Amino acid sequence: MAEWAVISPDCTPHGASGRPEAPWGVQSGEITAHSATLWTRSDRPARMYVETSPSESFRYAVRRHPGPLLGPGTDFTGTTTLHALPPGRQVHYRVVLADPDDPRRTSEPARGTFRTVPAGRRTGVRFLWSGDLAGQGWGINPDRGGYRVFDEMRRRDPDFFLFSGDTIYADGPLQATVGRPDGSVWRNITTEEKAKVAETLAEFRGNFRYNLLDTNLRGFNAQVPVIAQWDDHEVRNNWYPGQILDDPRYTVKDVDVLAARARQAFSEYFPVTDLRGGRTEGRMYRVHHYGPLLDVFVLDMRTYRNANSPGRQSDDPVGILGAEQLGWLKRELCRSRATWKVIAADMPLGIVVPDGSANFEAVAQGDPGAPLGRELQIAELLRHIKHQRITGTLWLTADVHYTAAHHYDPERAAFKDFAPFWEFVSGPVGAGGFPHGALDATFGPQREFVQSAPVANMSPAENPPYYGEVDIDGDSGELTVRLRREGGGVLFSKTLQPGRIGQ
């Protein structure tokens with residue numbers, strides 16, 4: 001096993017001196033052909049600087065980019081956006097932190113790399129996706145080498161990673177030890193912020209900081225850009241706007257207050273500039289253009305949804321996306337000229353996900369008939385894709401803690417006015433594994449592949465993490481999806497042809 005270590009659980013680097021340090025590493029995101037956003041966190045007030053070079057040794061063509069002053073207002077995190085980068089090139093960077101009172105006192109450089117988006121079609125694209133990290137009581141286990149799936153994913157050298165929600169478990173406290181059915185013991189690294197459910201801004205920040213204790217994740221972040229979205233566990237299980245909690249673990253009962261704090265912490269710990277600093281115009285849903293071959297439409301199925309319910313209403317203008325987000329998605333899909341249009345959903349379409357005994361959490365509500373409830377909004381979107389003849393759409397998601405490939409076809413569906421499409425499910429990347437759920441027949445899904453845990457909440461040691469891979473060939477334009485498992489290789493593969501409305 002490779003050497004493995006974590007930052008000390010109190011988040012203080014060993015041997016801290018009077019110079020600033022960046023023990024939580026670096027991240028990159030928002031990569032375009034000519035720009036990129038870089039992230040870091042300091043252990044004290046510091047000025048952020050970035051140096052870039054086409055050479056890993058930094059022997060020539062070094063550029064220096066000034067960054068912000070990192071302070072307590074952003075939990076000592078900050079981002080710098082680089083401009084005028086060459087397209088389709090490997091860029092090496094190092095982040096240096098300087099004492100604001102004595103610029104000569106600087107940190108050791110924190111190094112990273114990324115590839116800018118190619119300008120031409122002939123260069124292919126390969127990325128990974130998964131979701132659900134540190135959930136159901138399974139955190140960083142030093143006996144297993146921590147989140148070692150991230151080292152496996154890093155070695156696949158993808159262009160970017162789509163983090164499909166549940167990037168933390170703010171509602172999932174961790175204990176130092178957890179007994180397993182076979183009598184063995186799972187050990188967790190623990191911190192003060194992970195000892196209870198997150199309610200304060202400091203506790204939400206601590207949940208994001210917890211995952212960065214893992215050296216595998218920090219190494220992954222230094223090499224692989226991230227596109228991050230949220231789902232429920234960044235705030236609280238199955239939350240929706242306006243919810244008042246009936247949960248004795250919480251002293252803060254208004255979920256909107258919790259969500260605002262979670263959103264701020266999310267914006268501080270990922271390189272998403274539209275959300276930083278509490279900007280009112282910032283939004284979680286957005287589109288990432290990755291050259292001529294790919295657009296990624298990142299949805300927010302939390303912020304604008306209506307209350308969870310039995311989902312039997314015949315009129316539902318709010319749905320799971322809200323009217324404004326739905327309109328944006330329809331417009332952007334029409335504008336897209338990319339060969340492939342990946343719809344990154346933080347929840348699945350056809351899997352029945354209950355919320356208690358009567359309500360439902362996702363889109364499907366178990367009634368195989370005509371669309372009702374949130375299904376009405378998805379039916380409107382699918383109809384739009386067909387009638388506007390939008391080609392190359394597919395859906396990627398996580399959330400349900402198993403991996404699957406679903407094909408949707410109007411020939412099998414109660415609702416007929418849409419073109420066939422695929423939905424691929426992956427995860428968890430580091431949480432409890434669960435049995436697969438039932439499918440709702442409204443949109444005619446057929447399970448082409450599934451692999452899941454036989455019982456609920458199996459640990460990552462018993463049920464190793466799942467992640468997915470998308471590979472777009474620059475010559476043919478073919479898109480291949482591979483469902484993978486830590487240490488287990490390819491479980492399922494499907495190749496799709498470009499230029500089709502449905503397939």
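Owing to the predicted nature of the structure, the values given are computational and were not obtained by experimental measurement.
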### Query
Would you say the side chains of Gln175 and Thr190 form a donor-acceptor pair under 3.5 Å?
no
- Message: Less than 4.5 Å apart, side chain to side chain, heavy atoms only: is that true for Val298 and Val296?
- Response: yes
**Prompt:** Below 4.5 Å, heavy atoms only, C-beta onward: do Val50 and Arg64 meet side chain to side chain?
**Reply:** no
- Query: Would a distance-only check, ignoring hydrogens and angles, find a side-chain to backbone donor-acceptor pair under 3.5 Å from Glu203 to Thr200?
  - Reply: yes
Less than 4.0 angstrom from a charged side-chain N to a carboxylate O is my criterion; do Arg205 and Glu268 meet it?
yes
Tightest non-hydrogen contact, residues Pro45 and Pro100, listed as O-CD, 3.4 Å
Residues 159-171 vs salt bridge (Lys or Arg N to Asp or Glu O under 4.0 Å), sequence neighbours excluded, gives Arg115-Asp159
Checking His92 against Arg111 for the side-chain contact (heavy atoms from CB on, under 4.5 Å) test, could you report, in this order, the C-alpha distance in whole Å, the side-chain angles of both residues, the deciding distance, and whether it holds? CA-CA 8 Å; His92 299 275; Arg111 296 173 179 265; over 6 Å; no
Checking Gln377 side chain against Leu321 main chain: does a donor-acceptor pair fall under 3.5 Å? yes
* Just checking, any donor-acceptor pair under 3.5 angstrom between side chains of Glu56 and Thr113? -> no
In terms of heavy-atom contacts, Ala398 and Ser130 come closest through CB-C, 4.3 Å
Is there a donor-acceptor contact under 3.5 Å linking the side chains of Asn308 and Glu361?
-> yes
| query | Sub-3.5 Å donor-acceptor pair from the side chain of Glu199 to the main-chain atoms of Val252, do we have one? | reply | yes
**Asked** Have Ser459 and Glu462 got a donor and an acceptor in their side chains that come within less than 3.5 Å?
**Response** yes
Note to self: With a 6.0 Å cut-off (strictly less than), is the heavy-atom count around CD of Glu108, excluding the residue itself, greater than 12?
What the structure shows: no
Quiz: residues 284-292 side-chain donor-acceptor pairs under 3.5 angstrom, not counting sequence neighbours:
from: Tyr285; atom 1: OH; to: Glu324; atom 2: OE2; distance (Å): 3.4
from: Arg286; atom 1: NE; to: His288; atom 2: NE2; distance (Å): 3.3
from: Arg286; atom 1: NH1; to: Ala228; atom 2: O; distance (Å): 3.4
from: Arg286; atom 1: NH1; to: Met284; atom 2: O; distance (Å): 2.5
from: Arg286; atom 1: NH2; to: Ala228; atom 2: O; distance (Å): 2.4
from: His289; atom 1: ND1; to: Asp295; atom 2: OD1; distance (Å): 2.9
from: His289; atom 1: ND1; to: Asp295; atom 2: OD2; distance (Å): 3.3

Without swapping roles, check the side chain of Arg94 against the backbone of Gly112 for a donor-acceptor pair under 3.5 Å. no
Worksheet item: Tell me, do Leu217 and Ile140 make a side-chain contact under 4.5 Å, heavy atoms counted?
Response: no
Residues pairing under ring-ring contact (aromatic ring centres under 6.0 Å, His included) where one sits in residues 54-84, two or more places apart or in two chains, turn out to be none
Next item on the list: Would you mind reporting whether Ile343 and Leu299 have side-chain heavy atoms less than 4.5 Å apart?
Entry: yes
Review point. Among side-chain atoms of Ser57 and Ser55, is any donor-acceptor pair under 3.5 angstrom?
Key: yes
Q | Ion pair Lys196/Glu193, N-O distance below 4.0 Å | A | no
> Judged by atom type as modelled, is there a donor-acceptor pair below 3.5 Å linking the side chain of Tyr240 to the main-chain atoms of Ile320?
Replying inline: no
Charged N-O contact under 4.0 Å between Asp214 and Arg218: no
request  = Using distance alone, with no hydrogens and no angle criterion, decide if Glu152 and Tyr467 have a side-chain donor and acceptor under 3.5 Å apart.
outcome  = yes
Tightest non-hydrogen contact, residues Thr116 and Ile31, listed as CA-CG2, 3.8 Å
Sequence neighbours excluded, the answer for ring pair (Phe, Tyr, Trp, His ring centres under 6.0 Å) partners of Phe220 is Phe150, Phe161
- Item | Distance-only polar pair, side chains of Thr273 and Thr37, donor-acceptor under 3.5 Å | no
Quiz prompt | Thr167-Glu234 side chain donor-acceptor pair, cut-off 3.5 Å | solution = yes
Sorted by chain and residue number, the ring pair (Phe, Tyr, Trp, His ring centres under 6.0 Å) partners of Trp340 (sequence neighbours excluded) come out as none
- Query: Can a donor-acceptor pair be found between the side chains of Trp239 and Asn237 at a distance below 3.5 Å?
  - Reply: no
Exercise for the section: Determine whether the side chains of Asp75 and Tyr269 contain a donor N or O and an acceptor N or O closer than 3.5 Å. Expected result: yes
OG (Ser42) and CG (Leu97) are apart, to the nearest 0.5 Å, by 4.5 Å
Subject >> Pairwise side-chain contact, Arg19 with Ser107, heavy-atom cut-off 4.5 Å (strictly under) >> reply: no
* With a 4.0 Å cut-off, would you call Arg63 and Glu51 a salt bridge? -> no
In terms of heavy-atom contacts, Pro118 and Thr123 come closest through CB-CB, 3.7 Å
Could you tell me if the ring centre of Phe204 sits under 6.0 Å from that of Phe208? no
- Message: Within the 4.5 Å heavy-atom criterion, are Arg236 and Tyr250 side-chain neighbours or not?
- Response: yes
**Side-chain (Lys194) to main-chain (Gly172) donor-acceptor, under 3.5 angstrom** = yes
(request) Determine whether Leu394 and Leu479 make a side-chain contact, defined as any pair of heavy atoms from C-beta on separated by less than 4.5 Å. (result) yes
Applied to residues 219-229, the side-chain hydrogen bond (donor to acceptor under 3.5 Å, both in side chains) test, sequence neighbours excluded, yields Arg154-Gln223, Asp157-Gln223
Step through the shown structure and confirm whether more than 12 heavy atoms of other residues, nucleotides or ligands are within 6.0 Å of CZ on Arg249. yes
Legend entry - Cation-pi, Trp186 ring and Arg180 (6.0 angstrom, 45 degrees): no
Short N-O contact, Asp471 and Arg482, less than 4.0 angstrom
yes
Query raised in the report: Are there more than 12 heavy atoms of other residues, nucleotides or ligands under 6.0 Å from atom CZ of Arg155?
Result: yes
Query raised in the report: Donor-acceptor pair, Arg337 side chain versus Arg335 backbone, under 3.5 Å?
Result: yes
Between Thr80 and Gly67 the two heavy atoms that sit nearest each other are OG1-CA, 3.3 Å
Check: Can you check whether Ile168's main-chain N or O pairs, donor with acceptor, with Asn211's side chain at less than 3.5 Å?
Finding: no
| query | Do the non-hydrogen side-chain atoms of Val481 and Trp129 ever get within less than 4.5 Å of each other? | reply | yes
### Query
Quick one: does Asp43's side chain have a donor or acceptor within less than 3.5 Å of a partner on Glu21's backbone?
yes
Original post:
Can you list the steps and then say if Thr215 with Tyr147 is a side-chain contact (heavy atoms from CB on, under 4.5 Å)?
Top reply: CA-CA 8 Å; Thr215 192; Tyr147 299 147; over 6 Å; no
Exam field: side chain Arg105 to backbone Gly18, donor-acceptor pair closer than 3.5 Å: yes
Are Arg302 and Asp300 close enough for a salt bridge, meaning some N to O gap below 4.0 Å? no
All heavy atoms of Ser426 vs all of Tyr466, minimum pair found to be OG-C, 3.5 Å
